[in-house]
There are 2 protein chains.
Amino acid sequence: MAQNKKEEFKKSDLELADFAKAISHPARVAILKTISKKNMCICGEIVDVLPLSQSTVSQHLRELLKAGLLEGTVDGTKSCYCINWKAFARFSKGFNEFFNSAKSRAESFEKKKCC
Amino acid sequence: MAQNKKEEFKKSDLELADFAKAISHPARVAILKTISKKNMCICGEIVDVLPLSQSTVSQHLRELLKAGLLEGTVDGTKSCYCINWKAFARFSKGFNEFFNSAKSRAESFEKKKCC
DNA sequence: ATTTAATATCGCAAATATACGATAATTAAT
DNA sequence: ATTAATTATCGTATATTTGCGATATTAAAT
């Protein structure tokens with residue numbers, strides 16, 4: 001992007017965009033669904049159900065950790081991952097506020113649109 | 001990415017990821033908020049409130065159009081954009097289903113976590 | 001008829017993201 | 001002590017995204 005302009009946006013816009021980015025790849029959506037179905041998963045279980053190599057899955061897991069959506073612990077040779085529900089709830093709230101505040105504003109005019 | 005594996009994921013995972021991708025940049029979040037506040041905007045009004053060049057804003061607008069979140073009409077030399085509320089509602093529903101179904105599953109175990 | 005205004009698109013450069021194999025590190029199993 | 005299993009990370013290749021200036025197009029204003 002030649003230059004990164006992200007920091008020049010409103011913090012709230014950036015935060016929502018970052019939330020969205022964390023789940024903007026189907027692998028990461030699938031990882032979150034897989035873990036939430038089983039409460040917790042070791043890395044290998046996730047690799048088994050995704051059409052990606054172990055190293056690539058590990059990379060996606062790292063991103064979800066970085067975004068705060070996952071927590072992980074090491075158990076012998078295995079790594080166990082589970083959902084950070086607190087962060088998950090913040091995500092959910094962020095999206096809902098965005099959608100709902102936009103929609104409620106829309107109710108006020110609703111007629112004179114150009115398209 | 002060497003190879004694109006996106007098509008090998010479940011359709012619903014891909015769809016949610018694509019929704020998320022559409023709002024995964026603060027400029028696009030800001031654009032949607034700006035338009036929803038005023039019901040409709042011409043391109044120039046959006047350019048005025050974003051820290052980006054006209055051509056870059058136009059590109060983000062195009063992406064939001066492609067994602068279906070915006071509709072646009074030409075009015076003389078100006079381009080008017082407004083929110084496609086139907087698509088917007090589908091987005092919102094998609095996110096909520098994702099968040100809520102994960103969360104409701106979580107309630108069932110909730111204790112024996114590894115992290 | 002010219003000039004101005006508004007916007008989309010093209011071409012390019014730089015930054016990020018995606019994917020994988022190879023490898024290292026660590027623990028478990030033999 | 002070796003070997004096998006598990007996973008994170010490194011290096012690398014490729015694809016995509018982001019950003020901008022320049023330009024083309026079209027309509028409006030002069």
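Side chains included, hydrogens not; waters and symmetry mates left out as well; all remaining heavy atoms used. Per chain, numbering begins at 1; letters A, B, ... match sequence-line order.
- Between the CD atom of A:Glu7 and the P atom of C:dA15 there is a distance of 15 Å, given to the nearest Å.
- Checking C:dC20, D:dA8, C:dT7 against every side-chain atom of B:Gln3, the shortest atom distance belongs to C:dC20.
- Judged as a salt bridge (charged side-chain N to carboxylate O under 4.0 Å, His left out), and not counting sequence neighbours, the contacts of A:Asp13 are B:Lys33.
- When heavy atoms are screened at a 4.0 angstrom cut-off, B:Thr56 is found touching base atoms of the nucleic acid.
- For C:dT16, the OP1/OP2 oxygens have a side-chain nitrogen or oxygen of A:Asn4 closer than 4.0 Å.
- Distance, B:Asp18 CG to D:dT17 P: 10 Å, rounded to whole Å.
- Taking 3.5 Å as the limit, the base of D:dG19 and the side chain of B:Ser53 contain no donor-acceptor pair of atoms between them.
- For the helix from C:dA1-D:dT30 to C:dT30-D:dA1, the end axes, each set by the C1' atoms of five terminal pairs, are bent relative to each other by 10° (nearest 10°).
- Residue pairs that meet the ring pair (Phe, Tyr, Trp, His ring centres under 6.0 Å) test with at least one member in residues 26-59 of chain A, sequence neighbours left out, do not exist here.
- Checked against salt bridge (charged side-chain N to carboxylate O under 4.0 Å, His left out), B:Lys103 has no partners two or more places apart in sequence or in another chain.
- When the P atom of D:dA15 is taken as reference, atom NZ of B:Lys6 falls 13 Å away, rounded to whole Å.
- Looking at every heavy atom in both residues, A:Leu69 comes nearest to A:Ala22 through CD1-CB, 4.2 Å.
- Take A:Asn84 and apply the side chain to side chain contact (heavy atoms under 4.5 Å, CB included) test, not counting sequence neighbours, and it matches A:Glu71, A:Lys86, A:Ala87.
- The stretch residues 59-73 of chain B touches DNA chain D through B:Gln59, B:His60, B:Glu63, each having a heavy atom within less than 4.0 Å of the strand.
- Residues satisfying the side chain to side chain contact (heavy atoms under 4.5 Å, CB included) test with B:Thr34, not counting sequence neighbours, are B:Cys41, B:Val49.
- Remark: A:Ser92 pairs with A:Asn96, B:Phe99 by the side chain to side chain contact (heavy atoms under 4.5 Å, CB included) rule, at least two apart or across chains.
- What separates CZ of B:Phe9 from P of C:dA19 is a distance of 6 Å, to the nearest Å.
- In terms of the salt bridge (charged side-chain N to carboxylate O under 4.0 Å, His left out) criterion, A:Lys10 has no residue partners (sequence neighbours excluded).
- Side-chain contact between B:Cys115 and A:Tyr81: absent, with no pair of heavy atoms (C-beta onward) separated by less than 4.5 Å.
- Ring pair A:His60/A:His25 is tilted by interplanar angle, where 30° to 60° counts as tilted.
- If you check every strand for non-hydrogen atoms under 4.0 Å, A:Ser55 touches a base.
- Partners of B:Gln59 according to the side chain to side chain contact (heavy atoms under 4.5 Å, CB included) rule, which considers only residues two or more places apart in sequence or in another chain, are B:Arg62.
- The listed nucleotides are C:dA8, C:dT18, C:dC20; the one nearest the side chain of B:Ser79 is C:dA8.
- Applying the disulfide (SG to SG under 2.5 Å) test to B:Cys80 and every residue at least two apart in sequence or in another chain returns A:Cys114.
- Computed from coordinates, the A:Lys5 NZ to C:dA15 P distance equals 14 Å when rounded to whole Å.
- OP1 or OP2 of C:dA8 has at least one side-chain nitrogen or oxygen of B:Tyr81 nearer than 4.0 Å.
- In this structure, A:His25 atom NE2 and C:dT16 atom C1' are separated by 13 Å, rounded to whole Å.
- At the phosphate of D:dT17, OP1 or OP2 sits under 4.0 Å from a side-chain N or O atom of B:Lys21.
- Regarding A:Glu45, its CD atom lies at a distance of 17 Å from the P atom of D:dA5, rounded to whole Å.
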Which letter, B, S or -, goes with each nucleotide of nucleotides 23-30 of chain D from 5' to 3', with contact meaning a protein heavy atom under 4.0 Å?
---BBS--
